[in-house]
Amino acid sequence: MGPPVFAFVIALTYLISGAAALWIRSPRLSRIIGFGGGAVASGMGLVAALVRLLQGEPLRIALPAPVPWVASELYVDGLSLFFLAVIFLVGFLSSVYAIGYMRKYDDEGRHREKTAPLLFNLLLLCMAAVVSAGDMLSFLLGWEGMSLTSYFLVVFEHERAESRRAGLIYLIATHIGTGGILLAFLLLVQSTGSFSFHAFAHVPLPDVGTQALAFGFALLGFGTKAGMFPFHIWLPHAHPAAPSPVSALMSGVMIKMGIYGIVRFLFYLLPAPPLAFGAVLAGLGLLSGIFGVLYAIAQHDLKRLLAFHSVENIGIILIGIGSASACEAAGFPGPSRLLLAGGLFHVLNHALFKCLLFMGAGAVLQATHTRNIERMGGLMRGMPLTGIAFLAGSLAISAVPPFNGFASEFAMYRGLWEGAAGGGTLAAILITAMAGLALIGGLAFICFVKVVGTVFLGTPRSAASSGARDPGHAMILPMAGAAFLCAALGVVPFLYRFRDSGNVTVFAALFVTIGILASVRAVSLRRNGKRVYETWGCGFSYATPRMQYTASSFADPILHVFRGVLRPRTKKEERLSGRFLLDLEYETHIGDLFENGLYLPLYRLFLRFAFFARRLHTGYIHLYLGYILGTIVLLLILFR
Amino acid sequence: MELALQIPAYLVLAPFLVGIIRKAKAFLSCRQGPPLRQTYIDLFKLFRRGIVRSRTASWVFDLSAPVILGTSVVLAGATPLFSRAVPLPMHFILYIYLMSLPRFFQTLAGLDTGSAFGGLGSSREATVAAMAEPALLLSLCGVGFLGKSQLLDGMLGGIPPGRIFLRPELILIAGTLFLVLLAENSRIPVDDPATHLELTMIHEAMVLDHSGIDLGMIQLAAALRLTVFSALITGLLFPGSLSLPPVLALPAAALKIALSGLVVGVVESGMARMRLSRIASFLMTATVLAVIALAVRFAR
Amino acid sequence: MNTLTVLLLLLGIHVAVTDRIRPAIRSLALQGILLGFLPLADSAGSSWRAATLCLATVGVKGIAIPAILTRATSRLGIGQEFESLISTKANILTTGALALAAFLACSRFGLSGSDELGAAAGLTLIFSGLLMMTTRVKAVSQVIGFVVLENGIFLFGAASGSEFTLPIELGIFLDLFVAVFLMGILMFKIHRTFTHMDVRKIHTLKD
Amino acid sequence: MPFLFLMPLAAAAVALLARSPGQAALGTVIGASGIVADAVLMASSLPLSGGGDLFRLDELGMYFLFLVAGVHLVCAVYSYGYFRRETERGHLGMSKVRKYHVWINLFVLSMVSVVCAHHLALQWVAVEATTLFSAPLIYLHGDRKGMEAAWKYLLICSVGIAFAFLGIIFLSRAAGDFPLTYTALSAAAGKLDPRFLRLSFLFFLVGYGTKMGLAPMHTWLPDAHSQAPAPASAMLSGVLLNCALLALLRILPAVPGSYASPLLILFGIASIAVPALLIAVQRDIKRLLAFSSIENMGIIVLGIGFGGGARPAALLHVLNHSLAKVLLFLVAGDLVLRYGTQRIQRIHGIFRQAPLSGVLLFGGVLAIAGSPPFGSFWSEFGILAGGISGGRLAASLAYLALLAVIFGSFLMYGSGMVFGDGNPRKLSAPELWCLLPACVLLVSCLWLGLHVPAGLYRLLERLSATVAFS
């Protein structure tokens with residue numbers, strides 16, 4: 001069976017299982033067949049992509065063209081295969097997870113749940129199409145298909161106004177992004193006269209100005225999809241609104257399509273991008289990382305928080321890619337390769353742990369019926385498996401060794417260091433990137449200590465949290481799988497690719513030492529005894545859950561440090577009776593700087609124009625005739 | 001032989017360093033102070049005790065002490081103390097990031113008990129650590145450029161011996177590292193290890209609910225980490241001390257550690273505790289120092 | 001020929017500046033009849049084509065349309081005043097200015113070809129017709145303005161010497177007639193449903 | 001060719017005699033099918049001419065004829081279901097239905113004349129006739145709003161068309177001895193007096209632009225389209241505007257591109273910008289659609305103005321816009337009847353209450369907003385590509401930005417109406433004959449989006465060569 005046939009079979013499996021789910025009467029069976037089919041197809045795709053990845057040479061498959069003026073083809077090279085593997089891996093995990101998770105929509109009897117498998121499978125298929133497209137038009141078709149299907153999934157709970165709003169913001173953002181991509185590609189088309197990516201790569205662009213313009217538009221387009229600062233505003237709206245498996249898929253891989261586009265554009269399509277391109281990209285990555293993680297720290301909504309972390313991780317990936325391009329331009333191919341590898345590896349890693357975290361968040365959400373972490377707590381007791389998996393994901397995303405988040409950042413750091421050793425402008429860029437990466441890492445650490453601490457540790461803050469239990473196998477198994485992969489990918493690469501086997505020795509030493517110490521502790525406790533008692537309350541003996549440290553208080557010191565850029569709005573209301581304080585209300589809110597400072601004012605300005613235009617349509621025929629007269633006169637004056 | 005001795009040497013020197021600091025501080029405030037052996041006695045006692053454990057705590061709490069101490073031991077294995085070779089050669093990035101593993105468990109353990117103090121300490125600790133991260137990273141990165149190696153032992157060993165005062169970048173980096181040492185090891189002016197008021201605590205607040213062997217492990221780990229930092233800085237300032245003959249090496253190491261203990265003691269006595277909100281500026285200063293050091297390095 | 005044109009122009013200006021409807025319609029009718037004789041005066045030879053056109057013009061513009069308008073005004077009891085958005089004096093002045101502009105435009109655009117006077121007169125009529133449509137309040141006066149505009153175009157076309165085959169010319173007349181007829185019907189309907197003819201008050205459809 | 005004119009006349013006669021909405025609609029449907037069949041039969045033997053210089057049907061005319069006939073057929077089928085529902089509710093009597101069918105057939109007759117006209121003055125006569133025959137459709141309901149809309153429509157379009165006649169006069173001055181047929185004009189390109197040619201083009205643009213709804217002469221359009229009964233609105237938006245466009249296209253071969261192109265681009269951008277603003281703050285669903293027609297005419301004119309590769313795309317957009325817009329008007333008409341309101345805000349939760357209508361409406365919204373997998377994506381894309389490769393970067397950027405704004409607004413309304421909880425009021429049962437035509441249209445939009453037939457594209461390339469600037 002040749003690759004084209006195999007690709008066809010995979011696509012067909014997605015489509016048929018999705019369509020079948022629409023017609024099956026039993027919701028349970030519909031879920032199993034729809035998502036199960038998706039999982040099978042993803043599994044097949046994953047195996048195929050991995051096998052092919054080891055074999056090497058790129059694959060070209062001609063496609064029937066959607067429009068007659070261009071030939072359409074799939075072009076699957078190493079980069080595509082890597083992204084395909086990521087898509088299929090996360091697709092597999094989240095499909096299995098969805099079988100369990102989507103059960104909660106069964107009881108509603110609204111029949112919308114049956115559309116979910118089809119949309120889900122279509123989304124996966126479209127993403128696969130995006131990364132395998134060999135020409136601009138197939139790319140765009142896949143891209144827009146991906147945007148649309150994911151839009152429908154975001155508004156899946158369309159009865160909620162919040163979901164509709166999120167979907168709208170998402171769709172508009174992604175549409176503007178598509179506009180940017182169109183412009184970028186068309187500028188290349190103008191120079192090369194062809195729609196095929198091959199042609200782009202082989203004909204040099206006329207001048208740096210056009211290149212810069214094309215690159216700027218590409219950044220707008222792909223950056224919007226990726227959630228790059230300052231085009232990230234859709235992301236924290238859309239990801240929380242979607243059902244959790246969809247969030248996992250969107251945060252895990254869909255935003256990576258933007259990364260794919262940038263890599264494809266910068267390293268394959270533009271002939272020799274100047275240093276500045278990479279520097280700009282890395283700079284934007286740095287800003288995404290820092291702002292993403294700061295906003296995440298300020299969040300109490302679990303899924304929104306994770307969404308902001310996607311912004312942060314996209315920033316990290318962009319730092320890697322941008323620095324790689326800068327190194328390439330400055331003539332340091334070695335560090336460039338390391339950085340690119342690190343960035344791409346982080347794509348995979350982020351896909352894994354973000355998928356894991358969203359799945360965990362979904363399980364928590366289902367158990368506690370809230371997304372507000374201030375109402376959770378102590379879930380480790382009732383949901384130990386979810387808790388362990390979530391902890392693994394948190395360690396990974398905080399780049400704590402020996403998990404995979406560290407592995408990719410390690411590669412990036414090495415590349416940055418080796419590139420910076422050469423000195424010059426490049427060193428300034430790379431050292432800034434390094435410092436930023438370190439700061440981002442530290443901030444992400446704060447955030448995940450906060451999340452794990454408030455959600456899983458301590459005492460429950462609500463009744464629902466104290467009664468929470470682990471979900472069924474369909475949801476636990478993919479989480480366990482993802483957690484295992486997070487740990488494995490933190491160790492294996494050092495053995496295989498990066499040749500830093502010293503790291504593995506350290507990990508082994510670490511495990512052995514901790515193991516020894518834990519056993520020492522256990523033996524000692526058996527001898528000396530262990531007493532369980534109340535938490536020490538500074539002499540106060542009736543500690544209540546309300547006295548626990550909250551997530552907001554936890555985040556406060558660091559937010560205070562960054563208050564200059566975050567601009568929190570606080571509201572304080574006191575009610576006094578005489579000199580006694582009866583009641584104190586204190587509220588603080590951190591809004592998105594760009595959402596409130598740029599996009600909303602722009603929108604209001606636009607609305608003012610619109611209302612002005614509306615006033616021109618008064619309904620008076622005299623005025624309307626006057627418009628015609630005025631037009632004629634103006635034209636006669638101007639266009640003789 | 002030397003390699004096998006390194007970790008035991010660290011374990012021995014760690015309480016010694018804490019004792020030296022206490023002694024120095026006592027001396028400067030005209031007190032007698034506890035004898036040097038007191039720290040050893042305290043630790044020994046703690047290790048022999050059972051524990052009182054909070055009802056709300058989970059396995060994360062139980063695991064925290066071994067993880068914290070274990071990681072510190074591993075870090076000690078990677079930091080040259082008396083020779084260029086170390087039992088565990090480690091990349092400097094891994095070295096820095098490995099420090100976050102015990103911190104993760106320590107802060108989580110602080111939150112795990114459901115106590116307000118634990119959360120308070122964890123929150124502050126995490127904030128300080130995040131702000132210290134760039135400074136630490138940049139300074140080690142600079143050391144790497146000087147020593148032309150990415151491995152910790154390699155970079156320290158690779159620094160060409162010479163007149164230290166002719167190398168401003170080295171001094172700047174050592175200064176940065178010292179500021180980071182103060183911050184990361186809960187010393188004045190960032191934190192006060194001797195405070196008894198919970199509301200002002202950082203590190204101590206997190207470990208309020210640890211007792212017995214757990215507390216012992218954590219205290220040993222803290223002392224170990226301080227020693228590791230001291231070894232790092234002194235190794236940087238006295239590169240020659242790493243290539244001494246074995247007979248001299250151990251006393252020299254003890255001397256180095258004692259010296260840094262004295263300096264820390266003097267600094268702690270001479271400074272007041274900073275307001276929490278100022279810590280960020282303190283650490284940003286450190287970062288800027290590191291950046292200047294790098295700039296100086298590349299300006300050559 | 002030139003006298004005819006000047007007469008047409010004066011009649012048009014009369015329609016544009018008068019503030020009473022009946023005399024305006026009468027002038028309109030006269031204008032239509034004179035327009036009908038224009039092709040006869042122009043082509044000199046009495047071809048049957050010119051005769052048909054003359055008949056059609058007189059029939060449509062000189063008789064039918066004024067009849068519709070008269071009928072509308074009398075049957076609907078519209079009253080005599082035009083009721084303009086601008087005062088009569090302003091109206092006169094604007095019309096004068098427009099006439100001047102038309103003559104200027106003709107010389108600027110080099111329309112002096114066959115008959116500069118005719119072209120300029122035609123343009124004046126077009127402008128003043130548009131002016132009537134944009135300033136007059138009553139529906140019927142807007143129709144009158146439209147007819148003046150059409151007459152202007154006709155005059156302009158005749159002066160520029162554009163000729164089409166007969167069926168097309170007849171089609172044009174038919175169109176004009178149907179248009180005015182429809183407007184008349186609509187006027188009746190508007191009067192019946194709104195009980196007034198004030199176009200100013202008809203502006204429910206807006207954004 | 002005479003058959004083309006006879007069919008609608010016959011259908012109008014049948015409608016006069018009809019006793020029920022069904023009979024009248026049947027007559028119209030048969031008449032429409034007759035035109036389609038005749039067009040298919042004639043397609044192989046183009047160009048056809050008749051009446052001496054007066055009529056000629058070339059490929060371009062045939063393309064538009066197919067549009068007219070196809071949309072007419074779809075609307076005729078729809079009108080059966082639509083008027084059955086209206087009469088059942090007592091909104092309309094049989095006499096009104098009869099009137100509708102008479103006028104709609106005459107309207108089609110006038111449009112057929114526009115596409116078949118060879119002589120430009122005759123074409124002018126036909127375009128003016130379309131105004132006259134469609135005005136009664138607008139005040140079919142006989143209410144105040146309809147009356148007002150019809151009055152504005154009649155006056156504004158008549159004035160506009162009068163300007164187009166001035167254009168013809170100037171053109172005849174410019175042409176001198178050449179006859180005023182479009183074939184003769186394109187043959188004479190370059191030999192015409194440039195001064196008069198420019199004036200003539202200006203007046204044509206304003207004149208037919210008024211009829212096409214180009215801003216700022218578009219003001220009649222939202223009023224008229226929102227007041228006519230749904231199938232008539234669909235015809236107005238879907239084909240009438242195209243007929244005016246055709247009239248404009250016919251003179252392009254005579255006009256130098258250096259003069260015409262900036263003007264067309266200017267009017268194109270203005271006609272996208274004004275609706276972009278008004279669509280964002282629209283309250284009435286049918287006015288919304290009307291403004292979108294203005295916008296799409298702007299897109300087409302812009303594409304024509306860009307020239308080069310944008311021209312076939314613009315011609316393709318004519319087709320795509322017609323399909324999507326007719327679809328939307330038909331669905332919206334049905335929804336307006338069922339929800340009893342034209343206010344967008346009062347319509348919500350369609351998907352829960354009437355899933356098929358919801359899918360149709362959302363599909364139509366996506367199609368009109370230019371989203372894949374619908375056809376208008378390719379045509380709008382082609383226009384953009386043509387603009388950029390033609391070096392018109394600023395206009396292309398403005399075009400793209402405005403399209404994004406319109407897309408956002410449309411999706412806002414679309415998601416607001418389709419999603420959410422349903423109305424408390426129970427909706428009346430779906431009407432097969434209302435939904436079926438819409439389904440056909442949606443499928444064709446989708447088909448054109450997934451696969452633009454090579455034959456069609458070759459045809460459009462040939463056509464665009466015939467309307468290229470001189």
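Side-chain atoms are counted along with the backbone in the values below, which use heavy atoms only and exclude waters and symmetry mates. Remember, predicted model here, so these are calculated numbers, not experimental data. So that the names make sense, note that chain A is the first sequence line, chain B the second, and so on, each numbered from 1.
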Q: Answer with side chain, backbone, both or neither: which region of Ala129(B) has an atom nearer than 4.5 Å to a non-hydrogen atom of chain A?
A: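 Neither part; nothing is under 4.5 Å.
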
Q: Please state whether the side chain, the backbone, both or neither of Ile93(B) comes within less than 4.5 Å of a heavy atom of chain A.
A: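 It is both, since atoms from each part get that close.
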
Q: So what's closer than 4.5 Å to chain A heavy atoms on Phe117(B): side chain, backbone, both or neither?
A: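 Answer is side chain: those atoms of Phe117(B) sit under 4.5 Å from chain A.
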
Q: Taking side chain as everything from C-beta outward and backbone as N, CA, C, O, which of these in Val67(B) sits under 4.5 Å from a heavy atom of chain A? Side chain, backbone, both or neither.
A: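 Looking at Val67(B), backbone and side chain both touch chain A.
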
Q: Given that the side chain runs from C-beta out, which part of Leu294(B) has a heavy atom under 4.5 Å from chain A: side chain, backbone, both or neither?
A: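 Only the side chain of Leu294(B) comes within 4.5 Å of chain A.
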
Q: In terms of heavy-atom proximity below 4.5 Å to chain B, should Ala399(A) be classed as side chain, backbone, both, or neither?
A: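 Its backbone and side chain both get close to chain B.
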
Q: Between the main-chain N or O of Arg48(B) and the side-chain N or O of Asn528(A), is there a donor-acceptor pair closer than 3.5 Å?
A: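 Confirmed, Asn528(A) side chain pairs with Arg48(B) backbone.
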
Q: Checking heavy atoms, do the side chain of Met217(B), its backbone, both or neither come under 4.5 Å from chain A?
A: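 The answer is the side chain of Met217(B).
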
Q: So which part of Ile51(B) gets closer than 4.5 Å to some heavy atom of chain A, the side chain, the backbone, both or neither?
A: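 Its backbone and side chain both get close to chain A.
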
Q: Please identify, among Val520(A), Thr513(A), Val512(A), the residue contributing the most non-hydrogen atom pairs under 4.5 Å to chain B.
A: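 The residue among Val520(A), Thr513(A), Val512(A) with the greatest pair count is Thr513(A).
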
Q: What class does the angle between the rings of Tyr97(B) and Phe406(A) fall in, given that below 30° is parallel, 30 to 60° is tilted and above 60° is perpendicular?
A: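 Tyr97(B) vs Phe406(A) ring planes: tilted.
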
Q: Atom CG in Leu63(B), atom CZ in Arg521(A): separation rounded to 0.5 Å?
A: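 Those atoms lie 8.5 Å apart.
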
Q: Which bit of Phe47(B) comes within less than 4.5 Å of chain A, counting heavy atoms only: side chain, backbone, both or neither?
A: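 For Phe47(B), backbone heavy atoms alone lie under 4.5 Å from chain A.
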
